Amino acid sequence: MALLEIVHENNDFIVVNKAAGLITEKSPFESLTVENQVHDYIAKKKKKPYVGVVHRLDRVTSGVLVFAKKKSVLVAFNELFSSRRVQKTYLAIVSNKPPKTKQNLQHFLVKNRLEKRADIVPTKTKNAQDATLSYQILGQNKYGYLLEVKPRTGRFHQIRAQLSHIGCPIIGDEKYGSDQKYEDLSVCLHAWKLTYQDLNTKENKTVEASMPKNAFWDFKTIK
């Protein structure tokens with residue numbers, strides 16, 4: 001069972017390092033979710049804990065996840081996310097070397113509900129959404145290349161689909177064309193940092209979740 005790893009906590013919210021393999025929200029079909037873990041943790045100190053899901057990560061993704069401890073804080077964070085005053089920074093490992101050391105990617109994505117994936121289409125259609133991200137190569141090891149990825153839009157499976165489209169599927173991501181094995185219910189995608197505007201001081205603050213502890217994530221940074 002994945003233990004709850006707390007990155008930051010105050011009276012308003014709690015930030016955890018989500019383990020890959022778990023879903024974010026409570027579900028009638030699964031007894032162990034990150035929301036359940038956070039609820040049980042807060043319940044040890046407070047009789048009727050409030051747990052507000054600020055944002056989500058895919059089951060297969062690890063990393064920074066924020067939960068509000070008050071309804072007002074959930075509302076405030078929702079406003080930050082909807083007005084794009086939050087910057088997420090991901091780390092991804094791909095086995096193929098990207099075409100450039102750093103690059104901006106712009107595509108049109110369509111959500112394929114039947115196959116639960118995002119498909120990239122050549123032109124803007126009625127159901128297509130703009131998807132933009134930037135990446136840069138940070139390191140290399142025997143498994144592949146470590147990329148820092150900053151999505152500029154928050155589309156469904158955006159990073160996974162866009163990297164796959166340029167011939168660099170994320171390791172372990174069979175849904176998007178990876179043929180390299182990784183851990184069960186996991187891909188090499190980690191929500192590394194989240195920069196947000198402090199709810200009180202309005203200053204930018206960053207929370208960071210340490211990388212998964214396995215050989216794939218052992219990198220010596222390229223100078």
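Computed from a prediction, not measured in an experiment: that's the story for all the values here.
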Chemist: What are the two closest non-hydrogen atoms of A161 and L109, and how far apart are they?
Modeler: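 Heavy atoms only, the tightest pair is CB-CD2, 4.1 Å.
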
Chemist: Hey, is K18 close enough to E35 for a salt bridge, meaning N to O under 4.0 Å?
Modeler: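 Here K18 does not pair with E35 in a salt bridge, since their nearest N and O are not under 4.0 Å apart.
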
Chemist: Does this structure show an ion pair linking D58 with R160, if we count only N-O contacts that are shorter than 4.0 Å?
Modeler: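 The answer is yes: the pair qualifies as a salt bridge.
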
Chemist: Apply side-chain contact (heavy atoms from CB on, under 4.5 Å) to H55 and V66, showing your working.
Modeler: CA-CA 7 Å; H55 61 121; V66 181; 3.7 Å; yes

Chemist: How about V16 and E5: do any of their side-chain heavy atoms sit closer than 4.5 Å?
Modeler: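 No - every pair of side-chain heavy atoms lies 4.5 Å or more apart.
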
Chemist: With the side chain counted from C-beta on, respond yes when T33 and T24 share a heavy-atom pair under 4.5 Å apart, and no when they do not.
Modeler: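 No, every pair of side-chain atoms sits at 4.5 Å or beyond.
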
Chemist: Sort out for me which residue in V64, L194, V15 forms a side chain to side chain contact (heavy atoms under 4.5 Å, CB included) with V7.
Modeler: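 Considering V64, L194, V15, a side chain to side chain contact (heavy atoms under 4.5 Å, CB included) with V7 is found only for V15.
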
Chemist: I'd like to know if the side chain of N214 pairs up with that of Y182 as donor and acceptor (distance under 3.5 Å, no hydrogens or angles considered).
Modeler: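 Short answer, yes.
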
Chemist: Measure from the ring center of Y176 to the ring center of H157 and say whether it is less than 6.0 Å.
Modeler: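 Between H157 and Y176, which both carry aromatic rings, the centre distance is below 6.0 Å.
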
Chemist: If the condition is side chain to side chain donor-acceptor pair (under 3.5 Å), which residues does T195 pass it with, not counting sequence neighbours?
Modeler: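 So T195 forms a side chain to side chain donor-acceptor pair (under 3.5 Å) with T206.
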
Chemist: In this structure, would L22 and V54 fall into the same cluster of hydrophobic residues linked by side-chain contacts under 4.5 Å?
Modeler: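 L22 does not cluster with V54.
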
Chemist: So is K69 actually on top of Y50's ring, under 6.0 Å and inside 45° of the axis?
Modeler: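 No, K69 does not sit over the ring of Y50.
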
Chemist: Using 0.5 Å steps for rounding, measure from the CG atom of N204 to the CD atom of Q197.
Modeler: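 Spacing of CG (N204) from CD (Q197) equals 6.5 Å.
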
Chemist: V207 and L65: same hydrophobic cluster, using ILVMFWY side-chain contacts below 4.5 Å?
Modeler: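 In one cluster with V207: L65, no.
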
Chemist: Nearest 0.5 Å, what's the CD-OG distance between Q180 and S178?
Modeler: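 It is 6.0 Å, given to the nearest 0.5 Å.
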
Chemist: Keeping the roles fixed (side chain from D119, backbone from N112), state whether a donor-acceptor pair exists under 3.5 Å.
Modeler: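 Side chain of D119 to backbone of N112, a donor-acceptor pair under 3.5 Å: no, none is there.
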
Chemist: Go through the side-chain N and O atoms of Q158 and T153 and say whether any donor and acceptor fall under 3.5 Å apart.
Modeler: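 Distance-only check passes for Q158 and T153.
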
Chemist: Please answer whether the main-chain N or O of G144 pairs with a side-chain N or O of N141 as donor and acceptor at a distance below 3.5 Å.
Modeler: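 Confirmed, N141 side chain pairs with G144 backbone.
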
Chemist: Can you name the one residue among Y196, F67, F13 that meets ring pair (Phe, Tyr, Trp, His ring centres under 6.0 Å) with H8?
Modeler: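 The single option meeting the ring pair (Phe, Tyr, Trp, His ring centres under 6.0 Å) with H8 is F13.
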
Chemist: Inspect the surroundings of CD in E174 and state if more than 12 heavy atoms from other residues, nucleotides or ligands are less than 6.0 Å away.
Modeler: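 No, the 6.0 Å shell around CD holds no more than 12 heavy atoms from other groups.
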
Chemist: Looking only at the side chains, is there a donor atom on one of Y135 and E148 sitting less than 3.5 Å from an acceptor on the other?
Modeler: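 Note: Y135 and E148 side chains miss the donor-acceptor criterion.
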
Chemist: Taking the side chain as everything from C-beta on, heavy atoms only, tell me whether L32 gets closer than 4.5 Å to N36.
Modeler: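 In short, these two side chains do not touch, never coming nearer than 4.5 Å.
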
Chemist: Hey, does V51 have a side-chain heavy atom less than 4.5 Å from the side chain of I42?
Modeler: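 Yes, their side chains come closer than 4.5 Å.
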
Chemist: Let me check something: do V34 and I14 share a hydrophobic cluster, defined by ILVMFWY side-chain heavy atoms less than 4.5 Å apart, either directly or through other members?
Modeler: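 Yes, one cluster joins them.
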
Chemist: Using the rule that Ile, Leu, Val, Met, Phe, Trp and Tyr join whenever any side-chain heavy atoms are under 4.5 Å apart, tell me whether L57 and V53 fall into a single cluster.
Modeler: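 Hydrophobic grouping puts L57 with V53.
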
Chemist: Linking I/L/V/M/F/W/Y whenever any side-chain heavy atoms sit under 4.5 Å apart, do I159 and F156 land together?
Modeler: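 No; F156 is not reachable from I159 via cluster members.
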
Chemist: Any side-chain heavy atom of K116 within less than 4.5 Å of one from K111?
Modeler: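 Contact flag for K116/K111 side chains = no.
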
Chemist: To the closest 0.5 Å, what do you measure between CD1 (I170) and CG (L147)?
Modeler: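 Reported value, rounded in 0.5 Å steps: 8.5 Å.
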
Chemist: Can a side-chain donor-acceptor contact be found between R152 and Q87 if the only test is distance below 3.5 angstrom?
Modeler: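 Short answer, yes.
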
Chemist: Would you give the length of the straight line joining atom CD1 of I23 to atom CG of L185, rounded to the nearest 0.5 angstrom?
Modeler: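 Result: 11.5 Å between the selected atoms.
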
Chemist: Under 4.5 Å between any side-chain heavy atoms of E9 and Y41, yes or no?
Modeler: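 Yes, close enough: below the 4.5 Å cut-off.
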
Chemist: Tell me whether K142 at atom NZ has more than 12 heavy atoms from other residues, nucleotides or ligands lying less than 6.0 Å away.
Modeler: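 No, not enclosed.
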
Chemist: Side chains of K26 and H39: does their closest heavy-atom pair fall under 4.5 Å?
Modeler: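 Side chain of K26 against side chain of H39, heavy atoms only: contact under 4.5 Å found.
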
Chemist: Above 12 or not: heavy atoms from other molecules or residues under 6.0 Å from CG of D198?
Modeler: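 Counting neighbours around CG of D198, more than 12 heavy atoms of other residues, nucleotides or ligands fall under 6.0 Å, so yes.
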
Chemist: Quick check: do L138 and F219 have side-chain heavy atoms less than 4.5 Å from each other?
Modeler: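 No, every pair of side-chain atoms sits at 4.5 Å or beyond.
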
Chemist: Can you give me every donor-acceptor pair (side chain of residues 89-99, partner residue at least two apart or in another chain, under 3.5 Å) with its distance?
Modeler:
{"from": "N96", "atom 1": "ND2", "to": "G167", "atom 2": "O", "distance (Å)": "2.8"}

Chemist: Using a 3.5 Å distance criterion without hydrogens, assess whether the side chain of K124 forms a donor-acceptor pair with backbone atoms of A128.
Modeler: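 Judged by distance alone, yes, a pair lies under 3.5 Å.
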
Chemist: Between the side chain of N17 and the main-chain N/O of S210, is any donor-acceptor distance below 3.5 Å?
Modeler: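 Side chain of N17 to backbone of S210, a donor-acceptor pair under 3.5 Å: yes, one is there.
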
Chemist: Taking S186 for its side chain and D184 for its backbone only, find out whether a donor-acceptor pair lies under 3.5 Å.
Modeler: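 Side chain of S186 to backbone of D184, a donor-acceptor pair under 3.5 Å: yes, one is there.
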
